Trainee: 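I'd like to ask some things about the structure below.
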Amino acid sequence: MPKNFTKSHKKSSVKPKKKYGQNFLKDEGIISEIVDIAGVTSDDNVLEIGPGLGDMTRFLCDRAHHVTAVEIDESLIEPLSMRLAARDNLTIIYGDIMKQDLDELFAKAAGGAGDAGDAGKVKVVANLPYYITTPIVTMLLENDLPITSITVMVQKEVAQRMVAPAGSKDVGALSYMVQYHSEASIELEVPPEAFYPAPKVTSAVVHMDMYDVPPVNAKDEALMFRLIRASFNQRRKTLANGIEHGAGLNITKDEIRGILTDMGLSETIRGEKLSLAQFAELSDRILG
Ligand code: SAM
């Protein structure tokens with residue numbers, strides 16, 4: 001075992017739980033790189049989702065002003081509190097991240113230390129459980145939360161989807177969501193051997209720098225994302241077909257085709273060919 005591999009997971013009596021996506025990072029070099037990518041400094045308040053056995057939490061506590069960690073698995077209370085007992089800049093909340101009162105959680109995390117911190121904002125850092133990656137990322141992006149940046153380990157294929165440009169084979173609804181809210185980049189590829197137990201897939205770290213103002217201006221953001229989702233729900237259909245059947249709008253295929261023609265686009269274009277700016281324009285035109 002290389003010397004920078006943490007042995008704590010081996011010493012622990014905890015049996016990793018598949019149902020919670022528990023693949024613990026055992027390579028301390030990679031943990032340190034993730035914290036570097038997140039750009040965590042002593043001014044930052046951090047929210048970690050899924051601290052697991054606390055190996056990354058330890059690094060975060062060493063560098064951040066304050067860390068709030070949310071962990072679903074209550075059987076980790078004992079190992080986590082034993083390992084991290086000495087940290088006075090850590091708050092652990094046991095619960096499901098999807099069931100938290102987000103305003104309350106982020107207010108606590110941002111004010112976690114009461115004084116310093118980046119103007120009431122939080123850096124989110126996580127080695128995400130893969131069974132629930134998209135719902136967690138969507139929740140973080142959609143709720144207008146006080147977040148400076150999100151740095152997450154995800155499955156490599158999901159990372160590629162998050163940063164995929166319009167027109168590319170990987171683009172999907174998640175790409176538009178991520179790129180509307182942030183400047184996103186893949187910063188690191190991580191092989192299965194860096195985890196215990198090793199997952200079947202390669203992983204990657206995505207860093208999202210949140211925009212203060214989105215790069216495109218849609219009059220009705222919710223409508224724009226309804227259109228985006230509808231066009232990707234029906235991936236093999238044309239955009240006009242997808243929207244007519246999937247967006248829950250009272251609009252016919254011919255009306256959508258008319259708008260596409262007015263925009264200088266083909267009537268039979270597929271959703272993945274539209275840029276974010278074109279989805280914004282389409283939604284503004286549908287709004288009338
Ligand atoms: N951060 C640790 C590491 O890097 O070794 C553990 C990462 S492991 C991939 C994912 C962690 O998220 C596990 O500790 C798991 O119990 C936790 N988890 C899974 N679902 C969760 C949920 N809905 N809310 C909060 N934590 C969750």
Side-chain angles (χ1 to χ4, degrees), residues 4-38 40 46-64 67-84 87 90-102 104-106 108-109 122-140 143 150-156 158-159 187-188 190-206:
N4 67 343
F5 272 35
T6 168
K7 290 187 195 128
S8 55
H9 59 283
K10 292 275 180 209
K11 278 187 233 149
S12 165
S13 56
V14 174
K15 193 166 178 286
K17 294 189 182 70
K18 218 171 170 181
K19 70 168 177 177
Y20 289 145
Q22 290 179 350
N23 298 96
F24 301 119
L25 265 172
K26 59 180 185 177
D27 185 325
E28 291 195 337
I30 286 178
I31 295 174
S32 174
E33 261 189 85
I34 295 172
V35 180
D36 282 346
I37 291 166
V40 174
V46 170
L47 176 74
E48 184 187 13
I49 299 165
L53 292 172
D55 288 314
M56 189 155 78
T57 318
R58 192 160 42 87
F59 276 72
L60 290 169
C61 287
D62 283 346
R63 301 221 205 146
V67 178
T68 302
V70 180
E71 172 57 60
I72 197 170
D73 184 359
E74 293 196 1
S75 74
L76 298 178
I77 292 178
E78 205 188 317
L80 262 180
S81 45
M82 266 169 54
R83 280 153 203 237
L84 299 168
R87 309 289 165 159
L90 172 66
T91 306
I92 304 179
I93 295 166
Y94 289 94
D96 183 341
I97 189 66
M98 299 306 292
K99 294 188 181 152
Q100 301 299 305
D101 177 327
L102 292 176
E104 198 182 303
L105 174 67
F106 276 81
K108 266 194 207 149
V122 171
K123 287 185 176 169
V124 177
V125 186
N127 170 15
L128 287 177
Y130 293 172
Y131 76 98
I132 199 180
T133 300
T134 302
I136 292 177
V137 171
T138 305
M139 179 192 77
L140 292 172
N143 283 288
I150 303 173
T151 306
V152 280
M153 173 100 75
V154 299
Q155 227 174 293
K156 185 179 164 189
V158 177
E187 296 291 330
L188 185 68
V190 182
E193 310 79 73
F195 300 85
Y196 168 78
K200 291 197 177 74
V201 293
T202 299
S203 303
V205 177
V206 178

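As the structure is a computational prediction, the values presented were derived from the model and not from experiment. Whatever order the structure lists them in is the order used to number ligands and atoms, beginning at 1. Numbering starts at 1 and runs along the sequence shown.
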Trainee: Is the shortest N/O to N/O distance between Gly52 and ligand 1 below 3.5 Å?
Mentor: yes

Trainee: Which protein heavy atom lies closest to atom 16 (O) of ligand 1, and at what distance to 0.1 Å?
Mentor: Glu71 OE2, 2.6 Å

Trainee: Can you list the atoms of ligand 1 that are under 4.0 Å from a heavy atom of Pro51?
Mentor: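 Listed by number with element: 1 (N), 2 (C).
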
Trainee: Under 4.5 Å between any side-chain heavy atoms of Val124 and Phe106, yes or no?
Mentor: yes

Trainee: At what distance, to the nearest 0.5 angstrom, does CG of Leu105 lie from CD1 of Ile97?
Mentor: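 Separation between the atoms: 5.5 Å.
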
Trainee: Side-chain contact test, heavy atoms from C-beta onward, threshold under 4.5 Å: evaluate it for Asp36 versus Arg63 and give yes or no.
Mentor: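 Yes, close enough: below the 4.5 Å cut-off.
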
Trainee: Would you call Lys19 and Asp73 a salt bridge, using N to O less than 4.0 angstrom?
Mentor: no

Trainee: For atom 1 (N) of ligand 1, which candidate among Pro135, Gly21, Pro199, Gly50 provides the closest heavy atom?
Mentor: Gly50

Trainee: Looking only at protein heavy atoms, identify the closest one to atom 19 (C) of ligand 1 and say how far it is in Å.
Mentor: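 Result for atom 19 (C) of ligand 1: Tyr20 O, 3.1 Å.
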
Trainee: For Tyr131, is the nearest heavy atom under 4.0 Å from an atom of ligand 1?
Mentor: yes

Trainee: Are Gly95 and ligand 1 in contact, using a heavy-atom cut-off of under 4.0 Å?
Mentor: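 Contact check Gly95 vs ligand 1: positive.
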
Trainee: For the residue pair Leu76 and Gln22, establish whether any side-chain heavy-atom pair is separated by less than 4.5 Å.
Mentor: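 The answer is yes; the side chains approach within 4.5 Å.
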
Trainee: So, for Ala69 and Leu90, which heavy atoms are closest and what is the spacing to 0.1 Å?
Mentor: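 Ala69 and Leu90 have their closest heavy atoms at CB-CD1, 4.4 Å.
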
Trainee: Starting from atom 26 (N) of ligand 1, what is the nearest protein heavy atom, named by residue and atom, and what distance separates them?
Mentor: Ile72 N, 3.3 Å

Trainee: Can a non-hydrogen atom of Asp55 be found less than 4.0 Å from any atom of ligand 1?
Mentor: no

Trainee: Could you list the atoms of ligand 1 found under 4.0 angstrom from a heavy atom of Glu48?
Mentor: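 This gives 1 (N) as the contact atoms.
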
Trainee: To which protein heavy atom is atom 23 (N) of ligand 1 closest, and what is the distance rounded to 0.1 Å?
Mentor: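 Ranking protein heavy atoms by distance from atom 23 (N) of ligand 1, first comes Asp96 OD1, 2.8 Å.
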
Trainee: What I want to know is whether Leu25 and ligand 1 share at least one N or O pair that is separated by under 3.5 angstrom.
Mentor: yes

Trainee: Are side-chain heavy atoms of Gln100 and Ile93 found at a separation under 4.5 Å?
Mentor: yes

Trainee: Number the atoms of ligand 1 from 1 as they appear, then name those within less than 4.0 Å of a heavy atom of Phe24, with their elements.
Mentor: 5 (O), 6 (C)

Trainee: For Asn23 and Tyr196, indicate whether the former's side chain and the latter's backbone hold a donor-acceptor pair under 3.5 Å.
Mentor: no

Trainee: Note the single closest protein heavy atom to atom 3 (C) of ligand 1, along with its residue, its atom name and the distance in Å.
Mentor: Asn127 ND2, 3.5 Å

Trainee: Hey, are the side chains of Leu25 and Ile34 touching, using non-hydrogen atoms and a 4.5 Å cut-off?
Mentor: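 Counting from C-beta outward, Leu25 and Ile34 do come under 4.5 Å.
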
Trainee: In terms of atom number and element, which parts of ligand 1 are under 4.0 angstrom from non-hydrogen atoms of Val70?
Mentor: 25 (C), 26 (N)

Trainee: Just which atoms of ligand 1 are under 4.0 Å from any heavy atom in Gln22?
Mentor: 13 (C), 15 (C), 16 (O)

Trainee: Polar-atom distance check: Ile97 versus ligand 1, any N or O pair below 3.5 Å?
Mentor: yes

Trainee: Check whether any side-chain heavy atom of Ile49 sits under 4.5 Å from a side-chain heavy atom of Leu140, and report yes or no.
Mentor: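 Answer yes - side chains close enough.
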
Trainee: Heavy atoms only, cut-off 4.0 Å: how does Lys17 contact ligand 1, side chain, backbone, both, or neither?
Mentor: neither

Trainee: Looking only at heavy atoms, is any part of Ala126 under 4.0 Å from ligand 1, and if so is it the side chain, the backbone, or both, or is it neither?
Mentor: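 Answer for Ala126: neither.
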
Trainee: With heavy-atom distances below 4.5 Å as the criterion, would you say the side chains of Pro129 and Ile136 are in contact?
Mentor: yes

Trainee: Does Lys99 have a heavy atom less than 4.0 Å from any atom of ligand 1?
Mentor: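 In this structure, Lys99 fails to qualify as a contact of ligand 1 - no heavy atom is under 4.0 Å.
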
Trainee: Does Glu48 reach the main-chain N or O of Val125 with its side chain, forming a donor-acceptor pair under 3.5 Å?
Mentor: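 Absent.
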
